Amino acid sequence: MRTYTDLSQPQPAKILLAQSQAQFLNHVMSLPFNVASHLDTAVRAAAAKLGLADRGFQPEVRVADPANGDYQANGALAFAKREKQNPRALAQQIVDELGGLQADYDISLAGPGFINFRLKPAALLAWLQTYDSEEHLQSGAASARHGQTWIVDYSSPNTAKQMHVGHLRSAVIGEAICRLLTFSGAKVIRDNHIGDWGTQFGKLIWAYKRHLDPAALDADPLEEFERLYKAGNSAAEADPAVLTEAQQELVKLQAGDAANLAVWKTINDVSLAAFQEIYDRLGIKFDAMLGESFYNDKVDRVYRELTGTGLAQPSEGALVVFHPEHPRFAQQPFIIRKSDGAANYASSDLATALYRAEHFKVDGIIVVTDFRQADHFEQLYLTVRKWFAAENYRLPELHHVTFGSVNGEDGKALKTRDGGIIRLKALLDEATERSYQLVSSKNPDFPEAERRAIADIVGVASVQYADLSQNRSSDYVFAWDKMISLEGNTAAYLLYAVARIRSIFRKAGLDAAMPPLADATAPETPQEIALARKLGKFPDAVQLATNTLRPHFLSLHLYELAGEFSTFYAADKVIVDDPAVRARRLLLCHRTLVELEAGLHLLGLRTDLERM
RNA sequence: GCGGGCAUAGCUCAACUGGAUAGAGCGUCAGACUACGAAUCUGAAGGUUUGGGGUUCGACUCCCUAUGCCCGCACCA
C-alpha cells in the first residue's frame, strides 16, 4: 500500500530522472514539468534575438488569472518603460519571435503589453499523459535541489512538559517544509532540537527529590513532572534559599552528578516516549534528536573561537558579541556565556550551527520557531556568518522560518503558565472524535472499525490542514471549531474529493492505481478544460511553496483543484456509454487523484481512505 | 525609550512578493439529490484593502505619516 510515509524517504533521483526523460521521448518534447520556466526560457531567447538580452530584459513569466490565460509574461512593460519604448509594440515583436510555441499555446497580447499564453487542449493532454503518478511528478520536480543536503530543526519541545497547541505549528509547518524540500530533490535531515538542558531542571530535580508522588508518576508521568516543576518554581519564588538549592542541583547535573543525571534521564525518557505518540499521529519521523544536552561539551570551542577571532568580548562578567554595523545589535548584546560561566540558548545554538555545518555538511539550515525569537536568530546568524568567515568554514544557507503565535480568546499568546493550556493530545483526540461523529452520521452502515479508521485520518488531517492552509506569518486565535472544521477550505473537503474519485473507479470496475488510459483524448467541455488547466499548475504551486518556505501556497492550489474537480463532477458525468468521453474523463479523475494525494502527502497528511 | 510584526467583506482567511475587474469559506438569501456519494454543486448580496500623503504605465503589496493591537530588547528558551 502506498501511504503518506513514501515521500519521507529520499527518492533515487537519478533513476527517476532517467525515467522522466524516457517519458518525454515517448510523448512530447515541448512540455516539461514546469511550463512556466520553459516559457521563461523561450521568451528570454526571443528577447535575445531582438538584442534585448544585454540591456537587462527579464521575461517575468508568472501564472495568470485563468480568464486571461495560463501564464503571462510581463517583462515588456518594465523594459519598455526603462528604454522609453512603446510596450505594446515591443511585446508584439517578442510574440513574433515565439512562432515555435504556436503548436502548444494560444499566444495573445493584452492591455499595455501583457503577453498571454494559453495551453491548447492537446498540450494539456500531453502534460497529463507524462505526469501520471506521484513518482513522475516528483521526478519532474527533483532537479531543483538535486545533490543538496538540508537540515530542518522543528518541533523542538522542552522535556518534562507536555506539548500544547502552541507546539503544533512548528511540528506541522516543519514537516511540510521537509517534504517539500525532499520533493525538490534535496536530502533532508529532520532534527528535533529538544530542550533537555535548560535551567528548568534545577527546580525540577529539587522538587523531584522532595515531593515526588510515586503513584502519580506511575499513572501519568508528564502530569507529575509538570506538578513538580510548578511546586519547585513556586517554592523558589517564595524562598531564596530554595532557589539557591535548585541552582546547585543544576550545577551538580551539569557537572555529571550520578544521582541527578539518573533523574534527568528518567524525565527525558518518559517525555520522549510521550512526544513520540504525537509524532506518530502526525506522521513525523525524525532522523536526529540532538537536544541541547548534546551540545554541552561543544560550547567551549565556541567560546574559544569567538574569543580568538575577536568577535566575542567580556561584558559585565558575561561573554557577549556586539555587531557594530547594526543599528540595534551594536548596543544590544548577544550573550553567549552567562556571567556565572554557564551556557545558554545562544551558546548551544552556535555550537549547533557549527555541528550541522561540519558533521552533516549541510547546504542549508532551517529553524522553525515562532516569530518572538526573530531577534535571537538575527543575532545568531550575524554571528555565525562572521565566525565562519573568520575561521574559513563553509557557510550554509541560514533560514529562520517564523510563524505567528497561537493566541487565546483574549488575543494574548497561550503560555504554559496560564491555566487555559490546550494539550496537543487533547486537540487531536477531540478532532478525531468529532470526525467520528460525522462519519457515523453520514455512513451508519460502515463497519465500526472503518469509521474509526476514517476518523483518525480526517481528524488529524483537519488539524494539520487548519495550520497549513493559512499564511504562517499571521497569528491566530485558537478556536476549536476553526481547528477541526469539516466544511469549506478544510482537509475534509480535499479528502472528500479523493473518496469520490476512488468511488468512481470502483463503480467503473477499474483499479484507481493503474487504470488503462493510454488512448484518452484531449479535454473538451469547459469543465474538463478548466480542470486540466488547474492540474497543470501543480509545479508552480510546489515551487512557490518550496522557495518561499510557505506551504499554504500548495494548500491553496489543492483546494482550488478540488473545487475544479467538484464543479466538473457536477457538470460532466464520467461513467457514460460513449467510450471516448468516458476515457478522457477517467483520465482527468485519475490525474486529479494523483495530484491531490501527492499534494496532501507533501503537506504531511494521510490520504489512505477508500471512502468517507 | 529603541526596534520588529500585524491591520483586507459581519466573522475566519487568500491575493503567486509591483500586474489586468481584490478572491474563497462560514454566516445570510434563492435554487439543485428517481444523478458516478448533497461532507457537494449553481447563483445573489456583502469592500474607500485602518486614516492621510507619496513613488509610477500600474499599489493590498514599496516609501513617509497618524492610529490601534501583538511581540522583542543583559544573562529564559
Side-chain angles (χ1 to χ4, degrees), chain A residues 36 60 62-65 67-68 72 74 77-78 80-81 87 110-114 116 156 158 195 197-200 292 315-320 327-329 331-340 342 344-346 348-349 369-376 378 402 404-405 407 411-413 435 438-439 441-443 458 466 469-471 473-477 479 481-482 485-490 492-493 495-497 499-501 503-508 537 540-541 543-545 547-548 550 552-553 555-557 559-560 563 566-567 569-576 585 589 611-612:
Chain A
E60 290 186 34
R62 60 195 62 201
V63 173
D65 185 318
N68 298 325
Q72 58 181 252
N74 301 343
L77 291 165
K81 177 177 71 173
F114 298 110
N116 289 325
S156 306
N158 291 330
W197 204 243
T199 46
Q200 76 265 28
E292 286 162 1
S315 174
E316 299 178 25
L319 190 61
V320 309
R328 256 178 315 141
F329 304 141
Q331 301 295 327
Q332 184 179 319
F334 189 49
I335 300 169
I336 67 167
R337 188 179 63 201
K338 298 196 284 184
S339 53
D340 64 3
N344 66 359
Y345 194 39
S348 83
D349 273 359
T369 80
D370 73 82
F371 71 100
R372 286 172 295 183
Q373 299 188 29
D375 272 6
H376 168 78
E378 193 178 348
T402 61
S405 49
N407 296 337
K412 308 250 174 149
S435 298
L438 186 59
V439 171
S441 71
K442 299 277 183 191
N443 312 286
V458 177
S469 61
Q470 70 176 266
N471 194 324
S473 51
S474 49
D475 292 352
Y476 67 71
V477 175
D481 287 341
K482 183 181 158 193
S485 168
L486 300 169
E487 289 181 340
N489 183 5
T490 63
Y493 181 77
L495 290 171
Y496 186 65
R500 288 218 285 205
I501 295 170
S503 172
I504 290 171
F505 281 99
R506 269 200 307 278
K507 218 72 161 189
K537 301 300 187 304
D540 304 290
Q543 184 177 318
L544 184 61
N547 289 347
T548 59
R550 291 181 189 274
H552 82 283
F553 285 119
S555 302
L556 180 65
H557 170 76
Y559 176 59
E560 290 175 349
S566 295
T567 299
Y569 179 90
D572 294 336
K573 188 169 160 87
V574 177
I575 302 179
V576 294
R585 289 183 182 168
C589 289
R611 49 184 191 169
M612 63 182 275

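If you're wondering where the values come from, they're calculated on a predicted model, not measured in any experiment. All values below were derived from every heavy atom in this structure, side-chain atoms included, with hydrogens, water molecules and symmetry-related copies excluded. Throughout, a chain's letter reflects where its sequence line sits, starting with A, and its residues are numbered from 1.
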It should be established whether A:Lys573 places a side-chain nitrogen or oxygen under 4.0 Å from OP1 or OP2 of nucleotide B:A35.
no
Write down the distance between CD (A:Gln332) and C1' (B:G4), rounded to a whole number of angstrom.
11 Å
About how many Å separate CE of A:Met612 and CZ of A:Arg500, when rounded to the nearest 0.5 Å?
10.5 Å
So what does A:Arg611 hit on the nucleic acid, given a heavy-atom distance under 4.0 Å: a base, only sugar-phosphate, or nothing?
base
Measure from the side chain of A:Asn344, starting at C-beta and using heavy atoms only, and say which of B:A77, B:C36, B:G58 lies closest.
B:A77
What is the distance, rounded to the nearest whole Å, between atom OH of A:Tyr559 and atom P of B:A14?
14 Å
Nucleotide B:C73, atom C1' - distance to CG of A:Asp375 in whole Å:
7 Å
Its glycosidic angle compared against 90° from 0, B:C29 adopts the form anti
Return no unless some side-chain N or O of A:Ser485 is found under 4.0 Å from OP1 or OP2 of B:A39.
no
How would you label the contact of A:Asp475 with the nucleic acid (heavy atoms, under 4.0 Å): base, sugar-phosphate, or nothing?
sugar-phosphate
A:Asp370 has an atom CG; how far is it from atom C1' of B:G4, in whole Å?
13 Å
Quick one: is A:Arg500 getting a side-chain N or O under 4.0 Å of the B:A39 phosphate, OP1 or OP2?
no
Just so I know, are the side chains of A:Glu292 and A:Tyr345 near enough to count as touching, which here means a heavy-atom distance under 4.5 Å?
yes
Which part of the nucleic acid, if any, lies within contact of A:Gln72, taking any heavy atom under 4.0 Å across all strands shown: a base, the sugar-phosphate backbone alone, or nothing?
base
What is the distance from CZ of A:Arg337 to C1' of B:C76, rounded to the nearest Å?
19 Å
Winner on side-chain proximity to A:Lys442, out of B:A14, B:A39, B:C41, is B:A39
Pairwise side-chain contact, A:Gln332 with A:Asp375, heavy-atom cut-off 4.5 Å (strictly under):
yes
At under 4.0 Å between heavy atoms, what does A:Ala497 touch on the DNA or RNA strands: base, sugar-phosphate, or nothing?
nothing
Mind checking if A:Val576 touches a base, just sugar-phosphate, or nothing, with heavy atoms under 4.0 Å?
nothing
With sugar-phosphate meaning primed atoms plus P, OP1 and OP2, does A:Asp572 contact a base, only sugar-phosphate, or nothing at under 4.0 Å between heavy atoms?
base
Let me spell it out: for each of A:Ala110 and A:Ser435, pick the nucleotide of RNA chain B with the closest heavy atom. Which residue's pick is nearer the 5' end?
A:Ala110
Go through the steps for A:Phe329 and A:Phe334 under the test ring pair (Phe, Tyr, Trp, His ring centres under 6.0 Å), then give the verdict.
CA-CA 8 Å; A:Phe329 304 141; A:Phe334 189 49; 8.4 Å; no
State which residue, out of A:Asn344, A:Leu319, A:Val320, fulfils the side-chain contact (heavy atoms from CB on, under 4.5 Å) condition with A:Arg337.
A:Leu319
Which part of the nucleic acid, if any, lies within contact of A:Asp65, taking any heavy atom under 4.0 Å across all strands shown: a base, the sugar-phosphate backbone alone, or nothing?
nothing
Gap between atoms NE2 and P, on A:His557 and B:C16 respectively (whole Å):
17 Å
Can you measure A:Arg550 atom CZ to B:A15 atom C1' for me and round it to whole angstrom units?
13 Å
So A:Ser315, base contact, sugar-phosphate only, or nothing? Heavy-atom distance under 4.0 Å.
base
For A:Gln200, answer base if it contacts any base atom (sugar-phosphate contacts may also be present), sugar-phosphate if it contacts only those atoms, and nothing otherwise; contact means non-hydrogen atoms under 4.0 Å.
nothing
When we call it a touch if two heavy atoms are under 4.0 Å apart, what does A:Leu556 touch: a base, just sugar-phosphate, or nothing?
sugar-phosphate
Among B:A14, B:U40, B:C57, which nucleotide sits nearest the side chain of A:Gln470?
B:A14
What is the distance from NE2 of A:His552 to P of B:U17, rounded to the nearest Å?
12 Å
Could you tell me the Watson-Crick or G-U partner of B:C2, where both distances fall under 3.5 Å? Say none if there is no partner.
B:G72
How would you label the contact of A:Thr369 with the nucleic acid (heavy atoms, under 4.0 Å): base, sugar-phosphate, or nothing?
nothing
Reported CG-to-CD distance for the pair A:Leu77 and A:Glu60, which is rounded to 0.5 angstrom:
8.0 Å
Checking all strands, does A:Ser339 fall into the base, sugar-phosphate, or nothing category for heavy-atom contacts under 4.0 angstrom?
base
Report which part of the nucleic acid A:Val320 touches: base, sugar-phosphate, or nothing (heavy-atom distance under 4.0 Å, all strands).
base
Hey, does A:Asp340 reach any base, or is it just sugar-phosphate, or nothing, if we go heavy atoms under 4.0 Å?
nothing
Does A:Tyr496 stack onto the base of B:U40, taking stacking as ring centres under 5.5 Å apart and planes under 30° apart?
no
What nucleotide, of B:A77, B:G3, B:U17, holds the atom closest to the side chain of A:Phe553?
B:U17
Counting only side-chain N and O atoms of A:Lys537, is one of them less than 4.0 Å from OP1 or OP2 of B:C16?
no
Report yes if the side chains of A:Ser566 and A:Tyr496 come closer than 4.5 Å at any heavy-atom pair, otherwise no.
no
Would you please confirm or rule out a distance under 4.0 Å between OP1 or OP2 of B:U42 and any side-chain N or O of A:Thr567?
yes
Pairing partner (Watson-Crick or G-U wobble, both distances under 3.5 angstrom) of B:G25
B:C11
If pairing means Watson-Crick or G-U wobble with both distances under 3.5 Å, then the partner of B:C33 is none
